[in-house]
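For reference, the structure is listed below as structure tokens.
Order of the sequence lines sets the chain letters (A, B, ...), proteins ahead of strands, with each chain counted from 1. Just so you know, these numbers use all the heavy atoms, side chains as well, and skip hydrogens, waters and symmetry mates.
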Number of protein chains: 2
Amino acid sequence: MCGALAPEELHQLVDILTDVELSAHAPLFHEGDPAEHVFNVTRGSIKLYKLLGDGRRQITGFMFPGDFLGLAVNSEYVYTAEAVTDVKLCRFPRRKLDVLRERMPKLDRRLLALAMDELVAAQDQMLLLGRKTAEEKIVSFLLMLARGQERRGEKVDPVHLPMSRTDIGDYLGLTIETVSRTLSSLRKAGAIVMEGTDRVHLKHRDRLEEVAAAMT
Amino acid sequence: MCGALAPEELHQLVDILTDVELSAHAPLFHEGDPAEHVFNVTRGSIKLYKLLGDGRRQITGFMFPGDFLGLAVNSEYVYTAEAVTDVKLCRFPRRKLDVLRERMPKLDRRLLALAMDELVAAQDQMLLLGRKTAEEKIVSFLLMLARGQERRGEKVDPVHLPMSRTDIGDYLGLTIETVSRTLSSLRKAGAIVMEGTDRVHLKHRDRLEEVAAAMT
DNA sequence: AGCCCTGATTGATCCAGGTCAACGCATCCG
DNA sequence: CGGATGCGTTGACCTGGATCAATCAGGGCT
């Protein structure tokens, strides 16, 4: 159930975890809440976001099965976490996890590796937000989801979009209209085929990879 | 010289470090290079950036004395590091650092804390890049520099801009013209006073904080 | 001193993506 | 079954910031 853990760690960790479930759109915690737990997604997807004073929102990441969230050395969560779909997670109390870290130094190493991976993803996202066009953003996003499905051993072909257009916009720094229009134009250009509103077939993935990296 | 380290770590680390110096604009390493060293800035400032295929650039961070760079679990650097000013750093060979990590589990914990701090900063930057206006970006940037100077115990008042307008633009997802125009309009509005091209006095810092957080 | 050379500023114009508005299309519910 | 409600799409128009194009201001060199 807590798939992403190394076997030797798993044994000790199962003692302190609790399974939790959440319905779609339910919040898991809010930015500024005391960070009492760390979570691992086991099923469904979660979005993480930050808000500006006037309501503008930036989604900093979507979490899928195997991903950790709530990692923070500080005492407060720095973003809000909200269920995109119905989700199942396992929850680790930070206090107990800290005790475990004392006894099991390898755990810190593992958490460091996870944090570094997130950091690499965050830097890619900065490049996307700061310097890519709407089309490049959408294509990069679709490829990121496709890679995620691959990594988790799921079927790659119809890329699944569990989140709303609003969420996609708030992740890519675009409006919902631009998201919709860009998907339509990719569809008209034959680069993708939509199956309903939440499944996408990528045609010529190699060419899409080039668009995302802005190879001229 | 390697200020930012805890005393008990410092003792063991000094054995494996080498001091290095770099002139302004000299590259320290390139994205894709084998990640053989970790660095700690002791003097001056460094910029980290990623490039798209056609030359568009996103600076993912500026590093100042006390900051670490080159941290990566993978074998390759994921960004290019280049001196903004003349810099002094201390360099740790990754191989030796890894050996030290085996013997000194607290080191992983410390690196984890550093990585988490960077992650928090990265998420703030995503919010900035995705959802803030040019003015909010510039104001946020000036405040970030001011806080950095405070944190390092430097004089706060004239905020120092060691980097070029191009660098500021590539960090904030703007063009140099927009950076220049926005600084001019802040100056005309009396929010800042420029002293030459690389020193800024912030007036009404509290009001600037509100602009950066988009309090309406 | 005078002369480049490089980076910053300012002005004029343009356009990618935002905004505003209408409409389509499910799903839900009385 | 009809009306409402909530996404998503599409169209028309607008605008913040990009682009293109002159200057301008040091700072180093002879």
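Checked for salt-bridge contact, B:Asp124 and A:Lys50 meet the test: a charged N lies under 4.0 Å from a carboxylate O. For the pair A:Asp86 and A:Arg43, the salt-bridge criterion is not met [side-chain N within less than 4.0 Å of a carboxylate O].
When the options B:Glu209, B:Glu135, B:Gln125, B:Lys132 are evaluated for a side-chain hydrogen bond (donor to acceptor under 3.5 Å, both in side chains) with B:Ser140, the one that passes is B:Lys132.
Take A:Lys47 and apply the salt bridge (charged side-chain N to carboxylate O under 4.0 Å, His left out) test, not counting sequence neighbours, and it matches A:Glu82, A:Asp167. With sequence neighbours left out, the salt bridge (charged side-chain N to carboxylate O under 4.0 Å, His left out) criterion links A:Arg56 to A:Asp54, B:Glu136.
Atom-to-atom distance recorded for A:Phe29:CZ and A:Thr80:OG1 is 8.0 Å, nearest 0.5 angstrom. Atom-to-atom distance recorded for A:Glu36:CD and A:Arg91:CZ is 9.5 Å, nearest 0.5 angstrom. Taken from CG in B:Leu145 to CD1 in B:Ile168, the straight-line distance is 7.5 Å, to the nearest 0.5 Å. If you take OG1 on B:Thr166 and CG on B:Leu174, they are separated by 12.0 Å, rounding to the nearest 0.5 Å.
End-to-end axis angle of the helix from C:dA1-D:dT30 to C:dG30-D:dC1, using five pairs per end and rounding to 10°, comes to 30°.
Following rounding to the nearest Å, A:Lys132 (NZ) and D:dA18 (P) show an atom-to-atom distance of 18 Å. Atom-to-atom, CZ of B:Arg165 to P of D:dC24 comes out at 19 Å; the value is rounded to the nearest Å. In this structure, A:His25 atom NE2 and D:dT5 atom P are separated by 18 Å, rounded to whole Å.
DNA chain D is contacted by A:Thr197 of residues 192-200 of chain A, taking any non-hydrogen atom closer than 4.0 Å. Annotation: proximity of residues 174-190 of chain A to DNA chain D (heavy atom, distance under 4.0 Å) is found for A:Glu177, A:Ser180, A:Arg181, A:Ser184, A:Arg187, numbered in ascending order.
Using a 4.0 Å heavy-atom cutoff across all strands shown, B:Gly169 reaches no nucleic acid atom at all.
Between B:Leu107 and B:Leu97, some side-chain heavy-atom pair lies under the 4.5 Å cut-off. At least one side-chain heavy atom of B:Leu28 sits less than 4.5 Å from a side-chain heavy atom of B:Leu89.
Within a 6.0 Å radius of CZ in A:Arg207, no more than 12 heavy atoms belonging to other residues, nucleotides or ligands are found. Remark: B:Arg205 CZ is packed, more than 12 non-hydrogen atoms of other residues, nucleotides or ligands lying under 6.0 Å away.
Between A:Arg131 and A:Thr166, the residue anchored closer to the 5' end of DNA chain D is A:Thr166, taking for each the nucleotide with the nearest heavy atom.
On the nucleic acid side, DNA chain C has its first and last nucleotide under 4.0 Å of a heavy atom of chain A at C:dG17 to C:dC20, going 5' to 3'.
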